[in-house]
Each structure stands twice: as structure tokens, then as C-alpha cells.
Enquirer: 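Pasting a structure here, questions to come.
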Amino acid sequence: MTLAPTRRHGQAVWSDSRLLYALEEVVEVELNRHLKAAKEWMPHEYVPWSDGRNFDGVMGGEAWAPEQSKVSDVGRIALVVNLLTEDNLPSYHHEIATLFGRDGAWGTWVHRWTAEEGRHGIVMRDYLLTSRAVDPVELERFRMAHMSEGFESDNNHSMLHSIAYVAFQELATRISHRNTGHHSGDPVCDRMLARIATDENLHMVFYRNLLAKAFELAPDQTMCAVRDVVVGFRMPGHGMPGFERAAAQMAIGGIYNLRIHHDDVLQPVLRFLKVLEISGLTGDGLKAQEELGLYMGGLDTQATKFDERREAMLARRAARAAERV
């Protein structure tokens with residue numbers, strides 16, 4: 001069934017419900033592609049179970065201490081942030097099930113995505129506790145505080161904004177996991193997070209391809225949505241306890257910062273979709289494209305300034321460390 005958009009001032013205007021139906025065919029195509037590309041994997045195979053032992057408390061084991069951790073300081077910070085982000089899966093599922101529905105190809109995707117994301121939280125928590133990578137008491141207290149606050153997306157007012165957001169956010173999550181593994185100092189952690197990052201990349205491709213189809217159907221509306229999402233982008237874990245401080249430490253540590261956000265998250269999606277090259281836009285769409293281009297230029301300048309400050313800070317730290325030797 002073809003659902004034509006309404007028209008306002010000569011421009012096609014799609015409602016969420018009409019666009020939802022119009023995109024279902026491509027959702028089915030992308031779902032089938034995803035299921036063929038996704039490889040089955042078992043969380044328990046990535047956990048060093050032989051390293052495990054009882055903690056203090058009812059089991060009468062050994063209390064956690066920082067020196068027991070095999071991961072770097074910045075690795076511990078990032079692992080907690082990444083896992084707490086994964087922990088809010090029930091809220092994320094509620095958000096996308098409400099927006100996309102539970103029927104047809106959309107519903108199949110929603111449940112499949114949730115199942116795959118669930119593995120990420122399982123394997124990360126099992127690894128962290130078994131390897132004693134982080135303080136388990138602090139981790140659980142953070143989890144309770146974070147999940148008790150719930151989660152509400154900045155983009156739940158619009159299905160199109162939500163598709164645009166997850167196209168970037170899934171890639172941002174992939175990059176955060178991958179860089180955390182690289183900077184963790186533990187090959188076991190690196191391997192585990194690389195496996196998770198592979199899933200996140202497939203999720204990004206799914207949403208990115210949906211976004212490409214949305215540009216074909218509703219170029220002006222989609223451009224406005226992308227502009228809004230890019231300019232106002234926040235990671236889903238922004239509401240967790242101590243997020244700002246943790247994000248700053250992760251930025252300095254090279255896990256996720258302005259340069260990475262610009263070069264490895266925003267630019268790849270925008271380039272793939274040729275967002276700044278799309279022609280034929282009118283009115284608000286053309287204005288949004290111009291504003292997006294200006295914003296990306298400004299963000300690149302900010303990222304360069306951050307890089308300079310970061311390099312100077314790291315140089316001072318290295319000099320102080322050398323003086324203590």
C-alpha cells in the first residue's frame with residue numbers, strides 16, 4: 001500500500017505513521033541482510049572464568065582492591081560508563097517499541113536488536129566481576145542509581161529524529177567500546193569489546209540505510225532531523241552518576257572526545273549519505289543543510305583546539321612523571 005504524504009506550501013510532509021509504513025519494506029530488506037551478516041556468539045566464551053573467586057560478604061571471600069584489576073585507570077572508568085549505558089536496555093526497548101511498534105518487520109527488528117544488546121550487558125558484567133576489573137559495590141550502586149532515574153530520549157517526539165539519532169549513536173557506541181578495549185591494557189578485555197563493537201557496527205548499518213531511504217522519501221524533513229540530532233547529540237549515558245567527570249577522563253584518555261566524535265562518528269555517516277551534497281532541497285531542508293555544514297566546520301575547529309590542549313596536558317604529565325623517576 002502506498003501512503004502519499006500531505007503537502008504544505010508545496011513541500012511533501014510525512015507524518016510519523018505514514019513514514020513508518022513507507023519504510024517497512026526497507027526495514028524488512030535490512031533485517032534480512034542483518035540476520036545473514038550477524039554471527040552467533042556466546043558471551044560465556046569471552047569471560048576468563050578461571051580467574052574468578054568469591055568476594056567478601058555472604059560468601060566470605062576477598063574484598064575488591066584496585067591492584068586486583070588488570071585494566072588501566074581510564075579503562076576502568078570507561079568500562080563502568082559503557083556497562084551502565086548497556087544496563088538501561090529496558091528503557092531503550094520501551095522507547096523504540098513505542099516508536100516503531102511491535103508488529104511486522106519493525107517489531108521483529110526491535111526484538112532482535114534488544115536480544116543482541118542484551119548479550120553485551122551480560123558479557124561485560126561477567127567479565128568485570130570475574131576479572132575484578134572494577135569495584136563491584138560501586139558498580140552496583142551506580143547501576144541502581146542510573147536505572148532508578150530511567151531514560152527518556154531527546155528524540156522520542158519524532159520517529160525520523162530517532163532513526164537519525166541511532167544511526168550516529170550506534171557508531172559512537174561502537175567506537176567507545178573499541179577504544180576502551182584498545183586502552184584497557186588487558187587483551188581479554190580488548191577481545192571481548194571487539195566482539196561487542198562488531199554488533200554495534202551492524203546496528204549502525206541498519207539505521208544508516210534506513211536513514212538513506214528516508215532522505216529519498218522526505219529529503220527536507222530528514223535533513224532537518226539530521227541537523228537537529230547532530231547539533232544536539234548526547235550519548236545515552238549522559239544521565240548516569242558522575243558522567244561529566246568520567247566523560248572528561250575518557251576524552252583525555254583518547255577513548256571518546258571531540259576529535260573522535262567529529263572524525264570517526266559524524267563524518268563517516270554524513271559522507272556515506274552525502275548529506276552535505278544532496279540537491280533539490282527547499283525551504284527548511286536547504287536551511288538545515290547549510291546550518292549543518294557550518295556546525296561541522298565549527299566542531300572541527302573546536303576539536304583542533306581540544307587536541308592542542310590535550311597534547312599540552314599529556315606533555316606536562318609526562319614531564320612530571322619523568323622528574324619523579
Side-chain angles (χ1 to χ4, degrees), residues 3-27 29-30 91-92 94-101 105-106 109-110 113 151-174 200 203-236 238 261-262 264-299:
L3 292 172
T6 58
R7 305 193 73 83
R8 183 186 303 151
H9 306 304
Q11 298 182 33
V13 180
W14 292 80
S15 67
D16 271 5
S17 59
R18 288 177 181 271
L19 197 55
L20 192 76
Y21 283 112
L23 287 172
E24 184 150 21
E25 184 175 340
V26 73
V27 170
V29 169
E30 289 303 314
S91 290
Y92 307 149
H94 173 76
E95 291 268 343
I96 65 171
T98 300
L99 282 165
F100 301 152
W106 278 110
W109 166 254
V110 166
W113 175 87
F151 172 81
E152 184 175 356
S153 170
D154 295 332
N155 302 285
N156 62 7
H157 63 286
S158 160
M159 187 201 67
L160 193 51
H161 280 71
S162 296
I163 291 174
Y165 175 73
V166 289
F168 294 103
Q169 181 267 320
E170 292 284 3
L171 182 53
T173 303
R174 170 188 178 260
E200 302 290 8
H203 297 165
M204 178 276 293
V205 171
F206 178 93
Y207 287 118
R208 184 196 65 191
N209 292 352
L210 273 190
L211 193 58
K213 184 63 176 181
F215 266 116
E216 293 179 18
L217 295 172
D220 289 333
Q221 284 177 259
T222 304
M223 185 64 72
C224 289
V226 169
R227 183 269 319 276
D228 293 345
V229 163
V230 168
V231 171
F233 185 88
R234 297 194 296 176
M235 291 293 274
H238 62 82
H261 182 61
H262 178 277
D264 300 337
V265 176
L266 298 181
Q267 284 283 33
V269 176
L270 294 175
R271 278 199 303 263
F272 181 87
L273 298 174
K274 297 181 171 59
V275 171
L276 297 179
E277 302 169 25
I278 293 174
S279 60
L281 297 168
T282 61
D284 291 342
L286 184 59
K287 178 183 177 183
Q289 186 183 48
E290 293 170 350
E291 291 174 348
L292 182 60
L294 290 172
Y295 177 80
M296 290 299 294
L299 186 63

Enquirer: A side-chain contact here means heavy atoms from C-beta on lying under 4.5 Å apart; do V26 and N209 qualify?
Expert: no

Enquirer: For the pair E291 (side chain) and R227 (backbone), establish whether a donor and an acceptor sit closer than 3.5 Å, ignoring hydrogens and angles.
Expert: no

Enquirer: Heavy atoms only: give me the nearest L99-S162 pair and the separation to one decimal.
Expert: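 Between these two residues, the closest heavy atoms are CD1-OG, 3.1 Å.
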
Enquirer: Would you say that more than 12 heavy atoms from the other residues, nucleotides or ligands in this model lie under 6.0 Å from the CD of Q267, or not?
Expert: yes

Enquirer: Go through the steps to decide whether H203 and W109 satisfy the test side-chain contact (heavy atoms from CB on, under 4.5 Å), and finish with yes or no.
Expert: CA-CA 10 Å; H203 297 165; W109 166 254; 3.9 Å; yes

Enquirer: Does either side chain, that of T173 or that of Q169, offer a donor lying less than 3.5 Å from an acceptor on the other one?
Expert: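 There is such a pair between these side chains.
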
Enquirer: Under the side-chain contact (heavy atoms from CB on, under 4.5 Å) rule, what do Y92 and E95 come out as? Steps first, then yes or no, please.
Expert: CA-CA 5 Å; Y92 307 149; E95 291 268 343; 5.6 Å; no

Enquirer: Tell me the closest heavy-atom pair linking E30 and V205, and the distance in Å.
Expert: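 The pair with the smallest heavy-atom distance is OE1-O, 4.3 Å.
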
Enquirer: When you compare the side chain of E170 with that of F206, does any pair of heavy atoms fall below 4.5 Å?
Expert: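 No - every pair of side-chain heavy atoms lies 4.5 Å or more apart.
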
Enquirer: Could you walk me through whether V230 and L299 pass the side-chain contact (heavy atoms from CB on, under 4.5 Å) test, one step at a time?
Expert: CA-CA 10 Å; V230 168; L299 186 63; 5.9 Å; no

Enquirer: Could you report the tightest heavy-atom contact between L273 and A212, atom names first, then the distance?
Expert: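 Smallest interatomic distance, heavy atoms only, reads CD2-CB, 3.5 Å.
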
Enquirer: Nearest 0.5 Å, what's the CG-CG distance between L292 and D228?
Expert: 10.0 Å

Enquirer: Under the side-chain contact (heavy atoms from CB on, under 4.5 Å) rule, what do F100 and V27 come out as? Steps first, then yes or no, please.
Expert: CA-CA 11 Å; F100 301 152; V27 170; over 6 Å; no

Enquirer: May I ask you to test the T222-I163 pair for a side-chain heavy-atom distance under 4.5 Å?
Expert: no

Enquirer: For the pair K287 and E290, find out whether any cationic side-chain nitrogen is under 4.0 Å from an anionic carboxylate oxygen.
Expert: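 Salt bridge absent between K287 and E290.
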
Enquirer: For I278 versus Q289, what's the shortest heavy-atom pair and its separation?
Expert: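 Closest pair (atom of I278, atom of Q289, distance): O-NE2, 3.0 Å.
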
Enquirer: Count the heavy atoms belonging to other residues, nucleotides or ligands that lie under 6.0 Å from NE2 of H94, then report whether that count exceeds 12.
Expert: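 Counting other residues, nucleotides and ligands, NE2 of H94 stays at 12 neighbours or fewer.
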
Enquirer: Mind checking the CG-CZ spacing from L266 to R271? Nearest 0.5 Å is all I need.
Expert: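 Rounded to the nearest 0.5 Å, the CG-CZ separation comes to 10.5 Å.
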
Enquirer: Working to the nearest 0.5 angstrom, can you tell me the gap between L171 CG and R208 CZ?
Expert: 9.0 Å

Enquirer: Under a 4.5 Å cut-off applied to non-hydrogen side-chain atoms, are W14 and L160 in contact?
Expert: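 W14 vs L160: side chains apart.
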
Enquirer: Which heavy atom of G285 sits nearest to which heavy atom of C224, and what is that distance?
Expert: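 For G285 and C224, the tightest heavy-atom pair comes out as N-SG, 4.1 Å.
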
Enquirer: Nearest 0.5 Å please: distance from the CE atom of M204 over to the CZ atom of F168.
Expert: 10.5 Å

Enquirer: Just how far is it from atom CD of E277 to atom CG of L270, taken to the nearest 0.5 Å?
Expert: 10.5 Å

Enquirer: For Y165 and R234, work out which heavy atoms get closest and say how close.
Expert: OH-O, 2.6 Å

Enquirer: Judged by atom type as modelled, is there a donor-acceptor pair below 3.5 Å linking the side chain of D220 to the main-chain atoms of T282?
Expert: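 Present.
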
Enquirer: Measure the CD1-OG distance between I96 and S91 for me, rounded to the nearest 0.5 Å.
Expert: 12.0 Å

